[in-house]
Engineer: 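Dropping a structure here in structure tokens format, bear with me for questions.
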Amino acid sequence: MLFLSLDFGTSSIKGVIADEKANILQSAKAEYPYQILPGEKNELTDADLKNAIKKMCDSFDKDLLEKVEVLCYDTFSPSPVFLDDDGNLTYPNIITHLDRRSRAYSKVVDEVFGNEKYKNITGLLPFAGGCSLMTLLWFKDNEPEVMKKTKHIGHLPTYLHYLFTKKWAVDLVNASMLGVYNTTTQSGWSEEILDAFGLPKYCFDEIVEPGKPFGTLTKEMAEFMGLREGITVTMGTNDMAAAQEGALNFKSGDVLNSAGSSDMISILTDKPVTDDNYYLRNSARKGIWQIYSTTAGGFAVEWFYNTFCKDLSRNEYYAMIKDSLENIKELEEGFTPYLSGDRQSLEKKTASITGLTLGSTREKILVAMLKSIQSVLYGTICRAEKFVTFNKTIKVTGGMVTDGYMKLKEMEMPGYSFERVDDCTVKGNIYLSLEGLNK
């Protein structure tokens with residue numbers, strides 16, 4: 001049995017064709033640009049998304065594509081979408097997790113509902129970029145015509161699944177990331193929250209477990225992607241939840257650090273304990289939750305290059321990073337790691353560099369920046385250690401993983417060792433699908 005497993009990241013889609021043991025036979029990738037618009041808006045256009053799907057599929061061997069029997073996928077999130085009954089976007093773009101237009105609505109949630117009560121239901125405070133309730137409230141006030149036309153609200157998996165199968169669903173993980181779900185009890189949509197904010201209950205579809213076979217590929221999409229009509233499509237999910245499965249992390253205390261465009265940590269737990277400084281989300285498995293936090297990773301490295309190192313070629317810059325990490329010393333320089341804000345804070349935060357002297361170099365500032373990223377992740381570990389018994393080996397995946405970066409993580413997170421794992425998201429989609437097919 002062959003699978004086409006798709007990973008929709010922040011800036012690109014990666015796809016692999018693999019067998020039932022997740023042995024990858026062929027892989028392809030296509031980028032899509034996100035739109036940065038006034039008012040802290042960050043969006044992905046429908047056309048760019050579909051063009052990337054087409055470009056990626058066209059890169060595969062056609063004979064191999066025609067042998068695929070199962071389509072599975074994961075996506076970045078939060079990624080709010082507004083859809084009519086025909087699956088058309090009533091607002092033309094997908095909102096990405098980098099969007100902050102709804103920042104002021106965090107205060108509205110507190111005034112109307114109360115932050116503590118909200119956290120005890122949803123597993124998190126109303127963080128902009130952390131869940132989608134504030135985005136929904138922004139649209140309710142600022143785009144009322146969009147809301148009038150909208151019959152289905154979800155994240156990117158809801159849109160993609162309808163595109164692939166003409167079936168409506170919200171996966172278990174993204175349900176908890178919409179911010180209107182009973183996360184701490186995993187008991188479905190919160191009517192109390194929906195009623196408090198005047199959101200229509202009919203817009204929130206059936207919640208389906210990731211990996212469950214849920215429809216077959218339409219003729220239109222089969223022709224578009226070069227696949228056979230009628231192959232099984234399994235329910236997709238959030239990228240970090242899929243990556244945990246691909247890393248073979250299933251138990252409370254298992255930890256995954258994804259070091260890519262963002263540097264993220266996900267701790268599995270069977271105790272739904274909330275905290276003001278992290279997100280509690282569903283995992284891909286009922287009865288297990290994720291304790292989650294994130295900060296800028298590759299985005300910060302890219303910013304540093306564009307700001308301080310344009311005199312270097314890309315290869316020279318990466319060599320500088322490698323050399324700097326291999327020769328880490330005590331630093332006077334410090335860095336606060338909020339280049340993309342702080343998705344675990346209700347206040348707007350920014351980054352800063354401290355401790356500069358005439359002896360400061362860009363290499364030292366670079367190391368200070370990379371060290372600061374680890375402090376966010378380690379802070380989450382320290383909070384969770386109070387009630388979670390940890391697996392002391394943290395698995396690490398993502399494009400930033402190098403020997404030097406792993407060494408830095410070990411220095412900044414004492415008591416833990418780190419193991420590299422690759423292709424976790426695309427493999428996780430396959431493992432979830434196999435489990436769903438065998439139920």
Engineer: Could you list the residues that satisfy salt bridge (charged side-chain N to carboxylate O under 4.0 Å, His left out) with R420, not counting sequence neighbours?
Structural biologist: D422
Engineer: Does the side chain of S433 pick up a donor-acceptor pair with the side chain of T234 at under 3.5 Å?
Structural biologist: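 T234 and S433 do have a side-chain donor-acceptor pair below 3.5 Å.
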Engineer: N238: what forms a side-chain hydrogen bond (donor to acceptor under 3.5 Å, both in side chains) with it, not counting sequence neighbours?
Structural biologist: S77
Engineer: Are any of the side-chain nitrogens in D275 or K119 under 4.0 Å away from the carboxylate oxygens of its partner?
Structural biologist: no
Engineer: Might you work through the ring-ring contact (aromatic ring centres under 6.0 Å, His included) test for Y279 and W289, ending with a clear yes or no?
Structural biologist: CA-CA 10 Å; Y279 309 150; W289 290 260; over 10 Å; no
Engineer: If you draw the axis of the six-membered ring of F387, does the NZ or CZ of K271 fall within 45° of it and under 6.0 Å from the ring centre?
Structural biologist: no
Engineer: Centre-to-centre under 6.0 Å for F82 and F139, is that the case here?
Structural biologist: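 Yes, the ring of F82 comes within the 6.0 Å limit of the ring of F139, centre to centre.
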Engineer: With sequence neighbours left out, write down each residue that passes salt bridge (charged side-chain N to carboxylate O under 4.0 Å, His left out) with K427, or none if nothing qualifies.
Structural biologist: none
Engineer: Could you check I153 against M147 for side chain to side chain contact (heavy atoms under 4.5 Å, CB included), going step by step and ending with a plain yes or no?
Structural biologist: CA-CA 10 Å; I153 293 172; M147 295 300 282; 4.2 Å; yes
Engineer: Any side-chain donor paired with an acceptor under 3.5 Å for T75 and H155?
Structural biologist: no
Engineer: Would you call Y162 and K167 a side-chain contact if the rule is heavy atoms closer than 4.5 Å?
Structural biologist: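 No, their side chains stay 4.5 Å or more apart.
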Engineer: Quick one: list whatever passes side chain to side chain contact (heavy atoms under 4.5 Å, CB included) with S261, sequence neighbours left out.
Structural biologist: F299
Engineer: Test side chain to side chain contact (heavy atoms under 4.5 Å, CB included) on N257 and M264 and set out the steps.
Structural biologist: CA-CA 6 Å; N257 175 199; M264 305 174 281; 5.6 Å; no
Engineer: Would D46 and K50 pass as an ion pair if we require N to O under 4.0 Å?
Structural biologist: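 Here D46 pairs with K50 in a salt bridge, since their nearest N and O are under 4.0 Å apart.
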Engineer: Considering only NZ, NE, NH1 and NH2 on the basic side and carboxylate oxygens on the acidic side, decide whether D58 and K54 come within less than 4.0 Å.
Structural biologist: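 Yes, charged N to carboxylate O under 4.0 Å.
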Engineer: Assert yes or no for the condition that the ring centre distance of Y278 to Y292 is strictly below 6.0 Å.
Structural biologist: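 Ring centres of Y292 and Y278 not closer than 6.0 Å.
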Engineer: Any salt bridge (Lys or Arg N to Asp or Glu O under 4.0 Å) involving residues 141-150? Give me the pairs, sequence neighbours left out, ordered by first then second residue.
Structural biologist: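 Counting only pairs at least two positions apart or across chains, the salt bridge (Lys or Arg N to Asp or Glu O under 4.0 Å) contacts touching residues 141-150 are E145-K148.
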Engineer: Ring-plane angle category for F113 and Y118, please: parallel below 30°, perpendicular beyond 60°, tilted otherwise.
Structural biologist: perpendicular
Engineer: Of V388, N391, T393, which meets side chain to side chain contact (heavy atoms under 4.5 Å, CB included) against D254?
Structural biologist: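 The side chain to side chain contact (heavy atoms under 4.5 Å, CB included) with D254 is passed solely by N391 among V388, N391, T393.
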Engineer: Applying side chain to side chain contact (heavy atoms under 4.5 Å, CB included), name anything that partners L25, two or more places apart in sequence or on another chain.
Structural biologist: L2, L64
Engineer: Any luck finding a side-chain donor-acceptor pair between D74 and T237 under 3.5 Å?
Structural biologist: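 No, T237 and D74 have no side-chain donor paired with an acceptor closer than 3.5 Å.
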Engineer: If a pair satisfies salt bridge (Lys or Arg N to Asp or Glu O under 4.0 Å) and one of its residues is in residues 4-23, list it, with sequence neighbours excluded.
Structural biologist: K14-D423
Engineer: Residues in salt bridge (charged side-chain N to carboxylate O under 4.0 Å, His left out) with E69, at least two apart?
Structural biologist: none
Engineer: Which residues satisfy the side chain to side chain contact (heavy atoms under 4.5 Å, CB included) test with K41, sequence neighbours excluded?
Structural biologist: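 Once residues adjacent in sequence are excluded, the partners of K41 under the side chain to side chain contact (heavy atoms under 4.5 Å, CB included) criterion are L37, E43, D99, R101, W138.
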Engineer: Let me see the working for R285 and D270 under salt bridge (Lys or Arg N to Asp or Glu O under 4.0 Å), right down to the final yes or no.
Structural biologist: CA-CA 10 Å; R285 296 169 179 268; D270 56 8; over 6 Å; no
Engineer: Relative to the ring of F164, is the ring of Y73 parallel (under 30°), tilted (30 to 60°) or perpendicular (over 60°)?
Structural biologist: perpendicular
Engineer: When the side chains of residues 206-232 are checked against the rest of the protein, which donor-acceptor pairs come out under 3.5 Å, sequence neighbours left out?
Structural biologist:
{"unit_1": "T218", "atom_1": "OG1", "unit_2": "M221", "atom_2": "N", "d": "3.2"}
{"unit_1": "R228", "atom_1": "NE", "unit_2": "E66", "atom_2": "O", "d": "2.6"}
{"unit_1": "R228", "atom_1": "NH2", "unit_2": "V68", "atom_2": "O", "d": "3.1"}

Engineer: Which residues pass the side-chain hydrogen bond (donor to acceptor under 3.5 Å, both in side chains) test with S190, not counting sequence neighbours?
Structural biologist: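 Listed in chain order: nothing, the list is empty.
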Engineer: If the plane angle is over 60° it's perpendicular, under 30° parallel, otherwise tilted; pick one for Y305 and Y317.
Structural biologist: tilted
Engineer: Under the salt bridge (charged side-chain N to carboxylate O under 4.0 Å, His left out) rule, collect the residues that match up with K322, sequence neighbours excluded.
Structural biologist: E326
Engineer: Quick check: Y159 with W168 (ring centres under 6.0 Å apart)?
Structural biologist: no
